[in-house]
Protein chains: 2
Amino acid sequence: MTEPSRREQILATAAELFARRGFHGVSVSDLGSACGISGPALYKHFPSKDAVLAAMLVSISEELLAVGTARSAGAATPTEALAALVDWHVGFAVEHRALIVVQDRDWSSLPDEARERVRSLQRAYVDVWVTRLRETDPGRTLDAARAAAHATFGLLNSTPHSGLLDDAAMRDLLSTMALRALGVAGAG
Amino acid sequence: MTEPSRREQILATAAELFARRGFHGVSVSDLGSACGISGPALYKHFPSKDAVLAAMLVSISEELLAVGTARSAGAATPTEALAALVDWHVGFAVEHRALIVVQDRDWSSLPDEARERVRSLQRAYVDVWVTRLRETDPGRTLDAARAAAHATFGLLNSTPHSGLLDDAAMRDLLSTMALRALGVAGAG
DNA sequence: GGGCCAGGTTAGTGGTCGTTCACCTGAGTG
DNA sequence: CACTCAGGTGAACGACCACTAACCTGGCCC
């Protein structure tokens, strides 16, 4: 099995370049030569430049939702579920800084179909958080819970903006801040 | 006096368009016709497309720093200073959602000189926060305080991602979450 | 009323981009 | 050994973009 390494090399390289210069700031030729091949060879692996972005963003949205759902379901209490969600999300963000940047910067450059796909996956992911948030605090409005989830993502996704701390320290800091922001007890 | 309305119309329109489609996703002709003029007429007001972006981002960076500094200086205690900073920042973010989006998405498209200018203004603004943060909690490392400030900006700047709440409710929610995240006592 | 000029216009230019085309190659297969 | 075909190449194409050039116009000033 061990699927084609070229395709994945392209996706990984594209993530770094798109994160640094933006989707429109990276040409097909740039991307190709960063992979050791050049220009139009990309079209042997993807039908278009858009498709590279789409594959990238759809797959991370799917992973966030799938693992997030599992972590939440595996927790004994709503509070523990939120802690697990924060832990998962911050780990993902620290480990895939480039993808985080691309996801919320170049999301709007997606072709229509992929954009809708990503949006619906993201909505579902937000809902996992929202459900747990409203279990811990039933006074929260649906919209308020959604806004709180978005705000927490903003906090956790700030990782790429400050490469000051090492990964472990960054994870600790962000987890603590996120749990406090959400009003989850026991955040040191 | 009442300076040229065209120039400011262009800046305001550009902020909206850049926020929606990205700097590279908006052509000079798009921007012109959104202002009721067309295409190259922009060059009567700005020397280049880059200059529009630069004027926009430099001016908001200056305002954030200037008012932030004043608010911090006007506070009696470090804790009150942080509350004032949060209040100012969240108010700005809610009121200028488009600018917030452009600032951290298209920052890298700035011409070199303006980019350095904006970066140094932003560093200075972060330092206002960092100083107050370390006064309230001297145990914080310089880098940890910077990362905490960036994380708080990420939280506060999440406004544009969820237009669910009205402005007042959004300000309340974000202020509360930010102050809790920062560990400032007396937040709801 | 003639001259100036801020602020428009349209047409054009050079460059870049995404994409396609025709072609090449070398490893695997019957 | 002939055939195939995945994966590469460079050249070319059409679209679009930022920007320039040449020109027009209407208010203002002496």
Side-chain angles (χ1 to χ4, degrees), chain A residues 1-58 102 105-115, chain B residues 1-58 102 105-115:
Chain A
M1 273 296 134
T2 69
E3 41 263 43
S5 103
R6 231 337 118 68
R7 191 171 202 275
E8 301 186 5
Q9 180 199 6
I10 292 171
L11 285 171
T13 307
E16 297 296 332
L17 291 182
F18 292 170
R20 185 146 44 235
R21 312 210 294 267
F23 178 71
H24 292 294
V26 177
S27 73
V28 168
S29 153
D30 288 340
L31 178 50
S33 51
C35 293
I37 62 185
S38 235
L42 281 172
Y43 291 83
K44 302 291 177 175
H45 304 275
F46 294 92
S48 70
K49 186 192 176 194
D50 291 333
V52 177
L53 183 66
M56 209 169 86
L57 296 192
V58 167
V102 175
R105 187 217 265 149
D106 292 318
W107 153 87
S108 62
S109 299
L110 284 170
D112 294 355
E113 188 192 358
R115 187 169 56 244
Chain B
M1 271 296 134
T2 69
E3 42 262 41
S5 103
R6 235 330 124 66
R7 191 171 201 274
E8 302 186 4
Q9 181 198 8
I10 292 170
L11 284 171
T13 307
E16 297 297 332
L17 291 182
F18 291 171
R20 185 147 44 236
R21 311 211 293 267
F23 178 71
H24 292 293
V26 177
S27 73
V28 169
S29 153
D30 289 339
L31 178 50
S33 52
C35 293
I37 61 184
S38 234
L42 281 172
Y43 292 85
K44 302 290 177 170
H45 305 275
F46 294 91
S48 68
K49 187 191 176 193
D50 291 333
V52 177
L53 184 67
M56 208 168 88
L57 296 191
V58 167
V102 176
R105 186 217 265 150
D106 291 317
W107 153 89
S108 63
S109 299
L110 285 170
D112 294 355
E113 188 192 357
R115 186 168 58 243

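Chain letters run A, B, ... following the sequence lines, proteins first and then strands; every chain starts at 1. These numbers come from the heavy atoms of this one structure, side chains and all, not from hydrogens, waters or symmetry mates.
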Quiz item: Can a side chain N or O of A:Arg6 be found less than 4.0 Å away from OP1 or OP2 on D:dA6?
Solution: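 Checking A:Arg6 against D:dA6: no side-chain N or O falls below 4.0 Å of OP1 or OP2.
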
Quiz item: Any side-chain heavy-atom pair from B:Arg21 and B:Asp30 closer than 4.5 angstrom?
Solution: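 When only atoms from C-beta onward are counted, B:Asp30 and B:Arg21 do touch, with a gap below 4.5 Å.
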
Exercise. Evaluate the side-chain proximity of A:Val28 to A:Phe46: yes if any heavy-atom separation is below 4.5 Å, no if none is.
Key: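 Answer no - side chains too far apart.
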
For the pair made of [atom1] in [X] and [atom2] in [N], what is the distance, rounded to whole Å?
X       : N      : atom1 : atom2 : answer
A:Phe23 : C:dT16 : CZ    : P     : 19 Å
B:His24 : D:dC16 : NE2   : P     : 18 Å
A:Ile10 : D:dG7  : CD1   : P     : 10 Å
B:Phe46 : D:dT20 : CZ    : C1'   : 19 Å
A:Gln9  : D:dG8  : CD    : C1'   : 14 Å
B:Lys49 : C:dG15 : NZ    : P     : 19 Å

Quiz item: Would you say the side-chain atoms of B:Lys49 pair up with the backbone N or O of B:Val26, donor to acceptor, closer than 3.5 Å?
Solution: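 Here the side-chain-to-backbone pair exists.
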
Practice problem: Give a yes or no answer on whether the side chain of B:Arg115 reaches the backbone of B:Leu110 with a donor-acceptor pair at less than 3.5 Å. | Solution: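 Side chain of B:Arg115 to backbone of B:Leu110, a donor-acceptor pair under 3.5 Å: yes, one is there.
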
Quiz item: Closest approach of B:Phe23 and B:Asp106, non-hydrogen atoms and distance?
Solution: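 That closest heavy-atom pairing would be N-OD2, 3.0 Å.
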
Practice problem: Applying side chain to side chain contact (heavy atoms under 4.5 Å, CB included), run through A:Arg105 and B:Ser108 and close with a yes or a no. | Solution: CA-CA 12 Å; A:Arg105 187 217 265 149; B:Ser108 63; 4.0 Å; yes

Quiz item: What are the residues of residues 25-44 of chain A, sorted by number, that bring a heavy atom to within less than 4.0 Å of DNA chain D?
Solution: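 Output list: A:Ile37, A:Ser38, A:Pro40, A:Ala41, A:Lys44.
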
